[in-house]
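Following: one structure in structure tokens, then a few remarks.
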Amino acid sequence: MRIKLKFEENEKKFIDRVNELSGENIYSCYQCGCCSSGCPFVFEMDILPNQIIRLVQMGREEELIGSKALFLCASCFTCQSRCPKGINIANVAEAVRHLIEPKGKDYFGPQEIPVELADELPQQALVAVYRKFSK
Amino acid sequence: MNSNGKKKRIGVFVCHCGVNIAAMVDVKRVAEEMEKYPGVAFSTDYIYMCSDPGQQLILDKAIEEKLDAVIVACCSPTLHEITFQNAVKLAGLSAFQVEIANIREQVSWVHTDREEATLKAIRIVRSLVEKIRFNKNLEPIEVDVTRRAMVIGAGISGIQAALDIADQGYEVLLVEKEASIGGHMIQLSETFPTLDCSQCIMTPKMVEISRHPNIKLMTYHEVESISGFVGNFTVRIKKKPRYVDEVACTMCGDCEEVCPEVVPDEFNLGLSYRKAIYLPFPQAIPGTYTLDIDSCLGLWPIRCSACRDACEVNAIDFDQKEEIIEEKVGAITVCTGYDLYSMKSLGEFGGEKYEDVVDGLEFERILSASGPTGGKVCRPSDGKVPKSIVFIQCCGSRDPENHKSYCSRICCMYTAKHAMLYKHHVPDGQATVFYIDVRTGGKRFEEFYQRTVEEGEVLYLRGKVSKVYKEGDKIIVHGSDTLTGRKVEMEADMVVLAMAMEKKEGTEELLRKLNISADTDGWLAEAHPKLKPVESINAGFFLAGCAHGPKDIPDTVAQASAAAAKVGALFAKEKLQHDPAIVPVNEELCSGCEICVNVCPYDARELDSEKGIVIVNEVLCEGCGACAAACPSGAAQKRNQTDNQIFSMLSAILKI
């Protein structure tokens, strides 16, 4: 597969927005892969946490829209505690989710909640789930 | 006033520095404005004042225009002050009739508004015109030099520096706090990229140290305190009692045999044991046993004295006491070396928990023919030959968030060497290296690394390890390979951590005694990162080896030789010249309040109780001006920077 890197206005804007929303500097990542080595959900991920950062650095918004990994991140902050450059990767993932959600698909809908569970489910959890998994 | 009592004729020379200054400062305008300024007899600009034609311009105009003083508006005085002083000397002027107006570092490089920058440049030049009106011609203060050097630390850098100074014909005191010279290099197995045996190439130098007529070897000694200044230091050195007569000891080993006390051997990093009376390693220099008082059963009140009874030559002397020796030296070279960053700091790699997770230096001992395993690669826990070893690079290095921000420089190469040597010992073993980047920027380093990968069949995985733990007798390593985008988990028999280098323990304390500075990571600070890499900021101190920052053996040896050459250059001078721009005392004004004595950082001032005033040691005074600022009566005024001059400068700067 060959991709063309253009760094046009919208790509740059995407990178800047991720930096702004996450409060992290994604350029400081030197791709050591420590986040991916330690991530407890990496076995289910299609791309690794370090690759999420890489794709942001390259401005590959469309590729991130299709990625499952972003939505598997549980924000456990294991990556952040190990990152030698002090990047909070969970924050970056959250920022990217926020930016691509309106363009992506729904990962979760109310019909998927079992009726017997609906009464007991804390509202907070429902709100969080909608925020994270639907556009 | 000039020497004839007439008003000084001052010349102003404004440099463009290519576009470095001219892009942000209107240099032509500065020159024009200055031409109109009172006292300025001549003013011009030129593209490169430091070039030959530029210097010639200053020289010619100084003669032609009968100038008494010259101001060059250019870069920092640390760069070209001497150049321009030499230029005006040819015109018969004193070096003290040159002032540098720094309009590059202080103006063009730090401003963005051309108009404002130009005005600032004019103000700075103006202030120096005011200053130079009152500059007096001073004569340098001459000082004798003691042609004798001290080298602190006797690893490879200290050994090389000592030999090179001694070969120039000067006496050297080589002070080492351990029982033997050799440092870390003598612990290494083989050295990259040529795989010479470390001991084989180092012991000839060590023997040379012990035999050299110009070298006074002081092992088991520590620097206690230092006073004095460049060319004239007085050093107090503590001689720690060895409890063994170095000359009488025949190294027969009888004492060691009978000694009942067993402790971990630091030379083998605790991988083997030694007795309380011990020889650090077979080729130790000086060749003598040492009684380690901290692990001995005790000398007082009850002695076991088994060693003394066994010693046939009566070399053991329990009555040795600590001694303080005073020596005079002219230059000091600091070669205190490094320590490996402790594995304790990286808990996730289990270095402290599991015996089979070792650091690079421990693995060197395991690989060494003289090591605890006799050159056989065995793992420490059960002595089994490891069939799979995982090497982890950048352990603590390049991690500004949690550990050290710098690259330790040697780990890439020694890990490649470890992997290759392991494959030599265990050809059917699997060596895997986790790395972030491989840096092989040395002569024949890249070729060596390629050979490790190709011939050694070593697998390099690009990613950092997150976790190391034990399962049965295997060690499980969790890492990733960012090239394939996979998380990797693997079993190993042993793990080797390429721990970061850090400053030697005790460096800070020593630096406080020497009164020299270190950088933010604790490495010794050089006077200039590019042009003065072996000099300390303080005159008379030189540095070499890993005390200055991580480096490999070739770089260490080169730096040590360079430091030795600098010491030689210092000793080759008949007299040392001290800057006469110091702060003397005006005896008529001084009331002897001693405020200046207390603020002086160089101990240059003291009260003369008979006269009731303060006197100054001109050689110790560095002209920092702390006393001048503190003196309530104006008795302490720096030469060529009097209160009068400072006030004139201020009004010239503030005047619109």
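Since the model is a prediction, treat every value here as computed from it, not as a measurement. Values below: every heavy atom of this structure, side chains too, minus hydrogens, waters and symmetry copies. Within every chain, numbering begins at 1; the chains are lettered A, B, ... in the order of the sequence lines, protein sequences first and strands thereafter.
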Item checked: Rounded distance [0.5 Å steps], CD in B:Glu401 versus SG in A:Cys34 -> 12.0 Å
Margin query: Are there over 12 heavy-atom neighbours, none belonging to A:Lys13, within less than 6.0 Å of that residue's NZ?
Written below: no
Item checked: Side chain, backbone, both or neither of B:Arg486 within contact of chain A (heavy atoms, under 4.5 Å) -> backbone
Next item on the list: Answer with side chain, backbone, both or neither: which region of A:Gln31 has an atom nearer than 4.5 Å to a non-hydrogen atom of chain B?
Entry: both
Item checked: Pairwise distance CZ(A:Arg82) to NZ(B:Lys464) - rounded to 0.5 angstrom -> 11.0 Å
Checklist line | Side-chain heavy atoms of A:Lys85 within contact of B:Pro400, under 4.5 Å | finding: yes
Checklist line | chain B contact via A:Phe43 - which portion, at a heavy-atom distance below 4.5 Å | finding: neither
Margin query: Within the supplied structure, the quantity of interest is the number of heavy atoms (other residues, nucleotides, ligands) at a distance under 6.0 Å from A:His98 NE2; does it exceed 12?
Written below: no
Note to self: Tell me whether A:Tyr30 contacts the main-chain N or O of B:Arg398 through its side chain, where contact means a donor paired with an acceptor under 3.5 Å.
What the structure shows: yes
Next item on the list: With a 4.5 Å cut-off on heavy-atom pairs, point out which of A:Ser36, A:Cys32, A:Gly86 contacts chain B the most.
Entry: A:Cys32
Notebook entry, point to check: Which atoms of A:Thr78 come close to chain B, meaning under 4.5 Å heavy atom to heavy atom: side chain ones, backbone ones, both, or neither?
Noted result: neither
Notebook entry, point to check: Is the number of heavy atoms from other residues, nucleotides or ligands under 6.0 Å of A:Lys12 NZ greater than 12?
Noted result: no
Notebook entry, point to check: SG/A:Cys39 to NE2/B:His478 distance, rounded to the nearest 0.5 angstrom?
Noted result: 12.5 Å
Notebook entry, point to check: Rounded to the nearest 0.5 Å, how far apart are CG of B:Asp481 and OG of A:Ser37?
Noted result: 9.5 Å
Notebook entry, point to check: Between B:Glu348, B:His403, B:Glu489, B:Arg462, which shows the greatest number of heavy-atom pairs under 4.5 Å with chain A?
Noted result: B:Arg462
Next item on the list: Drop me the distance from A:Cys83's SG to B:Asn402's CG, to the nearest 0.5 angstrom.
Entry: 8.0 Å
Notebook entry, point to check: Is the CD atom of A:Glu63 crowded by more than 12 outside heavy atoms at less than 6.0 Å?
Noted result: yes
